[in-house]
There are 2 protein chains.
Amino acid sequence: MRHSTYECNKGCPVEATLEIIGGKWKGVILYHLLENTYRFGELRKMMPGITQHTLTKQLRELEGDNLVLRKIYAEVPPRVEYSLTERGESLREIILMMRDWGRVHLGL
Amino acid sequence: MRHSTYECNKGCPVEATLEIIGGKWKGVILYHLLENTYRFGELRKMMPGITQHTLTKQLRELEGDNLVLRKIYAEVPPRVEYSLTERGESLREIILMMRDWGRVHLGL
DNA sequence: CCGTATCCTGCATGATACTG
DNA sequence: CAGTATCATGCAGGATACGG
């Protein structure tokens, strides 16, 4: 007896995906990294509302979920660049669809 | 001088969309309603982890965002059915993509 | 420049009990 | 059956200060 296509008994795939990109800032971070590789300070400037503390935490979590790559350059002053992993890239379509939906239905 | 396609200065459309579907349960609720119209108690059974209190609140918020329609039947015992509005339907593609992404990348 | 270390706060979510 | 009413709690996110 097969389950419904919509069954969510143990680990709904929609819920699980939202746990990864559903934070207050993660979608926005990924959205920016879709366009380009960015340094920590650049991301911060793009998101005036986020604190340094929170940005660091969110980036660590995205890194932990293997969506974002953190590359450290041994320079002075230090430079750290964030980019999407292949797994992160695979979210491109979803993120862009959310952007489009927001534009159309929320007038943004 | 045009802005970048990715600019998020005031009201990022990705962030705004996530505010609507990004809660812990909203995606799952919408996911179920994608398939069918359901009664309150049916939804509750489908999501064993959610409490009555929280389900009510989430449904009210979805209703407030005009994604879900709440239809009350004047019967005894009372019957209330939830379905997607047209606006809710417009999220179908996004939700299904999140489901697929979860299945492929999270092994669900 | 890119962080950690503390401490703190609000709000999303939950537990439990009661009701039209 | 489908809710409200209360009260409780955990954790995401923030403020501020300091460090390699």
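Computed from a predicted structure; not experimentally measured. Throughout, a chain's letter reflects where its sequence line sits, starting with A, and its residues are numbered from 1.
Taking atom CE on Met47(A) and atom C1' on dG14(D), their separation rounds to 15 Å, with Å as the unit. Between Lys57(A) atom NZ and dA12(D) atom C1' the separation is 5 Å, expressed in whole Å. In this structure, Gln58(B) atom CD and dT4(D) atom P are separated by 14 Å, rounded to whole Å. Rounded to whole Å, the distance from CG on Leu55(B) to P on dA2(D) is 10 Å. For the pair Lys24(B) NZ and dG10(D) P, the computed distance is 13 Å after rounding to whole Å. Whole-Å rounding puts the Ile72(B) CD1 to dG20(C) P distance at 17 Å. When the P atom of dC1(D) is taken as reference, atom CZ of Arg70(B) falls 17 Å away, rounded to whole Å. Protein atom CG of Leu59(A) is 11 Å distant from nucleotide atom C1' of dG3(C), rounded to whole Å.
Side-chain atoms of Thr56(A) come within 3.5 Å of backbone N or O of Gln52(A) as a donor-acceptor pair. No donor-acceptor pair under 3.5 Å is formed between the side chain of Gln58(B) and the backbone N or O of Leu55(B). Between the side chain of Thr17(A) and the backbone N or O of Trp101(B) there is no donor-acceptor pair closer than 3.5 Å.
Using a 4.0 Å heavy-atom cutoff across all strands shown, Glu61(A) reaches no nucleic acid atom at all. In this structure, Tyr73(A) reaches neither bases nor backbone, as no heavy-atom distance under 4.0 Å exists between it and the strands shown. Using a 4.0 Å heavy-atom criterion, one finds that Gly22(B) contacts no nucleic acid atom at all. As judged by a 4.0 angstrom heavy-atom cut-off over every strand, Arg44(A) is placed among residues making no nucleic acid contact.
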Enumerate all atom pairs, one protein N or O and one N or O from nucleotides 18-20 of chain D, separated by less than 3.5 Å.
none

What pairs of nitrogen or oxygen atoms, one from the protein and one from nucleotides 6-8 of chain C, lie under 3.5 Å apart?
| residue | atom | partner | partner atom | Å |
| --- | --- | --- | --- | --- |
| dT6(C) | O4 | His53(A) | ND1 | 3.4 |

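Of all non-hydrogen atoms in Gly23(B) and Leu18(A), the two that sit nearest each other are O-CD1, 4.3 Å.
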Taking distance alone, no hydrogens or angles, what donor-acceptor pairs closer than 3.5 Å link side-chain atoms of residues 76-87 of chain A to residues at least two apart or in another chain?
| residue | atom | partner | partner atom | Å |
| --- | --- | --- | --- | --- |
| Arg79(A) | NE | Glu75(A) | OE1 | 3.3 |
| Arg79(A) | NH1 | Glu81(A) | OE2 | 2.9 |
| Arg79(A) | NH2 | Glu75(A) | OE2 | 3.1 |
| Glu81(A) | OE1 | Tyr73(A) | OH | 3.3 |
| Tyr82(A) | OH | Arg70(A) | NE | 3.3 |
| Thr85(A) | OG1 | Asn66(A) | O | 2.6 |
| Thr85(A) | OG1 | Leu67(A) | O | 3.2 |
| Thr85(A) | OG1 | Arg87(A) | N | 3.4 |
| Thr85(A) | OG1 | Gly88(A) | N | 3.0 |
| Arg87(A) | NE | Asp65(A) | O | 3.2 |
| Arg87(A) | NH2 | His105(B) | O | 2.8 |

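No salt bridge links Glu42(A) with Lys45(A); every basic N to acidic carboxylate O contact stays at or beyond 4.0 Å.
Contact between the side-chain N/O atoms of Arg39(B) and the OP1/OP2 oxygens of dA2(D) is found at a separation under 4.0 Å.
Positionally, the nearest nucleotide of DNA chain C for Pro77(A) lies more toward the 5' end than for the other of Arg60(A) and Pro77(A).
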